[in-house]
Amino acid sequence: MTNQIKIAVIGVGRWGVHLLRNFLAHPQVDVVAVVDPHPERLAAIKQQFNLDENVVLTTQWEDLKKVPGLTVVAIATPATTHYALIKDALQQGYHVLAEKPLTLDPAECRELCQLAEQHHLILMVDHTYLFHPAVEQGQTVVQAGKLGDLRYGYATRTHLGPVRQDVDALWDLAIHDIAIFNAWLGQIPVKVQATGTVWLQGAGEHTSTPFSTRGCANNYVQGKSLSNQGSRGAEGKKDTNSPLPQGLADLVWLTLTYADGFQAYIHLCWLNPDKQRRLGIVGSLGSLIFDEMSRSSPLTLLHGEFEQQSNHFIPVNQKQVVLELEPGEPLGRVCSCFVDSILNNTPSEVSSGWVGTQLVEILAALTLSLEQGGQPVFLNNCSQV
């Protein structure tokens, strides 16, 4: 096809291989290169997908600059590498799809978004859940007022591994549920709190920490100076008086508070064999439940309310409705949206770089709260979409 875009996939690990699969199947995409530091992975995907001999397979990012006609890259590498790779890609004139999170530093995220705008390029983040049919349908239900007055939200995301060594359970898991709550509510939190527990990887047992909080704190935190609140110092080292045990938290509890007073509570843990992927919003007329582990009914509307009789509250109008969903793989929808954004020169409203930046700013604020033993952190200057 004459209007095919030429793309390179950077990183073909657990998630990158699925991006490659979807782009190979897309009629408007021509995969011209794959980059991965592990030669055995390149050999494996060449055989798995029967790649044409013309597809460049390389362990070196720099080799892409020699690929003729390349205009797009999809990056599925560790988050610690995102900033340098994305910045270089944008400076080379490539449109970019990046695995979440965009980076681990809000300031870096904003810089990349501004760079993309300056070069008139599409920067999109693969927040796959925002393209899940259940999440899209759930957003319609909530914003149509079918739950009545919204009371509160809750989510649980637990499993037994994998245990990350570069980020804690907060940075590994929370972004999904925060993104869903933001989408369903049509707003972002104004205040966040986090507490956590470390069991597996104490101080010195992991390779890196998400970011130096001192560098980004003043962008969105109201109140006290952080210099003596257990935050990281200018060198990125943890102060010895931190109320949270040093290390990577295995269990994290979050509270998100929105401008209208709505609160969402999130439970995250990567050493719990009880695997759950469940999120709900409770309203005066019922509850909406997204249970990813339920194949038969991932999105359920539970009707029910109270009728007051004297001093008693009697449950009435109770029924369960399993909502029908449109077919389609969420990641396939991400790839199609990215391609459409490039061809139409229009950033994605659902998962642009600015949406990804908002989520990183929220995670950064939650990290500050975690390091201060659960103290509330206010977000007053989150990036505008």
Side-chain angles (χ1 to χ4, degrees), residues 3-10 15 19 22-23 26-30 70-77 79 82-133 135-136 139-140 143 175-176 178-188 219-220 328-363 379 381-385:
N3 63 341
Q4 281 190 319
I5 61 174
K6 296 184 181 298
I7 190 171
V9 177
I10 320 301
W15 194 246
L19 280 171
N22 275 282
F23 282 125
H26 199 289
Q28 294 173 293
V29 173
D30 180 16
L70 178 66
T71 58
V72 182
V73 297
I75 296 175
T77 60
H82 283 187
Y83 172 71
L85 286 174
I86 295 170
K87 183 175 181 178
D88 193 19
L90 293 172
Q91 289 175 334
Q92 295 299 319
Y94 303 145
H95 302 284
V96 177
L97 172 66
E99 189 180 7
K100 62 80 188 170
L102 179 54
T103 78
L104 298 175
D105 186 329
E108 291 178 347
C109 291
R110 290 189 288 271
E111 178 188 344
L112 294 176
C113 289
Q114 292 165 358
L115 185 60
E117 290 179 348
Q118 291 168 6
H119 289 272
H120 305 288
L121 296 168
I122 298 299
L123 173 59
M124 181 171 160
V125 186
D126 175 17
H127 291 294
T128 310
Y129 277 94
L130 296 181
F131 295 84
H132 195 296
V135 174
E136 294 177 341
Q139 183 178 15
T140 300
Q143 296 188 4
I175 198 167
H176 305 301
I178 297 171
I180 296 171
F181 278 123
N182 289 356
W184 281 12
L185 298 170
Q187 53 181 320
I188 61 175
N219 293 322
Y220 47 80
E329 180 189 1
L331 184 57
R333 293 178 174 218
V334 171
C335 296
S336 292
C337 177
F338 180 53
V339 172
D340 290 343
S341 294
I342 294 171
L343 296 178
N344 298 322
N345 194 30
T346 304
S348 167
E349 294 182 359
V350 177
S351 195
S352 68
W354 287 112
V355 172
T357 298
Q358 282 185 343
L359 290 166
V360 171
E361 288 174 336
I362 293 167
L363 289 173
L379 294 98
N381 287 315
C382 257
S383 298
Q384 298 300 310
V385 179

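This chain uses plain numbering: 1 for the first residue, then up along the sequence.
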(message) With salt bridge (charged side-chain N to carboxylate O under 4.0 Å, His left out) as the rule and sequence neighbours excluded, what pairs involving residues 88-97 come up?
(response) K65-D88
(request) Determine the minimum heavy-atom distance between F23 and V339, stating which atoms define it. (result) CE2-CG2, 4.3 Å
(request) Considering only NZ, NE, NH1 and NH2 on the basic side and carboxylate oxygens on the acidic side, decide whether K100 and D126 come within less than 4.0 Å. (result) no
(request) Considering non-hydrogen atoms only, spot the tightest contact between F131 and P330 and give its length. (result) CB-O, 3.7 Å
(message) To the nearest 0.5 Å, what is the distance between OG1 on T71 and CD on Q4?
(response) 11.0 Å
(request) Report the distance from atom SG of C337 to atom CG of N344, rounding to the nearest 0.5 Å. (result) 10.0 Å
(message) Between S341 and T346 (side chain of the first, backbone of the second, donor and acceptor by atom type, cut-off under 3.5 Å), is there such a pair?
(response) yes
(message) For the backbone of L121 and the side chain of H119, can you confirm whether one donor and one acceptor N or O come within less than 3.5 Å of each other?
(response) no
(request) Output all residues satisfying side chain to side chain donor-acceptor pair (under 3.5 Å) with Q187, sequence neighbours left out; order by chain, then residue number. (result) D260
(request) Could you walk me through whether Q28 and I5 pass the side chain to side chain contact (heavy atoms under 4.5 Å, CB included) test, one step at a time? (result) CA-CA 6 Å; Q28 294 173 293; I5 61 174; 5.8 Å; no
(message) So which atom in L97 and which in F338 form the shortest heavy-atom distance, rounded to 0.1 Å?
(response) N-CZ, 3.4 Å
(message) To the closest 0.5 Å, what do you measure between CG (N22) and OG (S336)?
(response) 7.5 Å
(message) side chain to side chain contact (heavy atoms under 4.5 Å, CB included) for T103 and L112? Distances and angles first, verdict last.
(response) CA-CA 9 Å; T103 78; L112 294 176; 3.6 Å; yes
(request) Please assess W184 against Q143 for the test side chain to side chain contact (heavy atoms under 4.5 Å, CB included), listing each intermediate value before the final yes or no. (result) CA-CA 7 Å; W184 281 12; Q143 296 188 4; 5.9 Å; no
(message) Is it the case that the side chain of Q139 and the backbone of A183 share a donor-acceptor pair, with hydrogens and angles ignored and the cut-off at 3.5 Å?
(response) yes
(request) Looking only at non-hydrogen atoms, find the nearest pair between A116 and L123 and report the distance. (result) CB-CB, 3.8 Å
(request) Salt-bridge test for E361 and R110: reply yes if a basic N is under 4.0 Å from a carboxylate O, no otherwise. (result) yes
(message) Ignoring hydrogens, what is the shortest heavy-atom contact between P106 and V360? Give both atom names and the distance.
(response) N-CG1, 3.8 Å
(request) Indicate the atoms forming the closest heavy-atom contact of P347 with I122, along with that distance. (result) N-CD1, 3.7 Å
(message) Using 0.5 Å steps for rounding, measure from the OG1 atom of T357 to the CG atom of D105.
(response) 10.5 Å
(request) Verify, without hydrogens or angle tests, whether E99 (side chain) and V125 (backbone) share a donor-acceptor contact under 3.5 angstrom. (result) no
(message) Under the rule for ring-ring contact (aromatic ring centres under 6.0 Å, His included), what residues qualify as partners of H176, not counting sequence neighbours?
(response) Y129
(request) Say whether, by atom type as modelled, one donor and one acceptor occur between the side chain of H82 and the main chain of P101 under 3.5 angstrom. (result) yes
(request) Verify the distance criterion only: is there a donor paired with an acceptor across the side chains of W354 and E117 at less than 3.5 Å? (result) yes
(request) Could you check if a side-chain atom of I175 sits within less than 4.5 angstrom of a side-chain atom of L363, using non-hydrogen atoms only? (result) yes
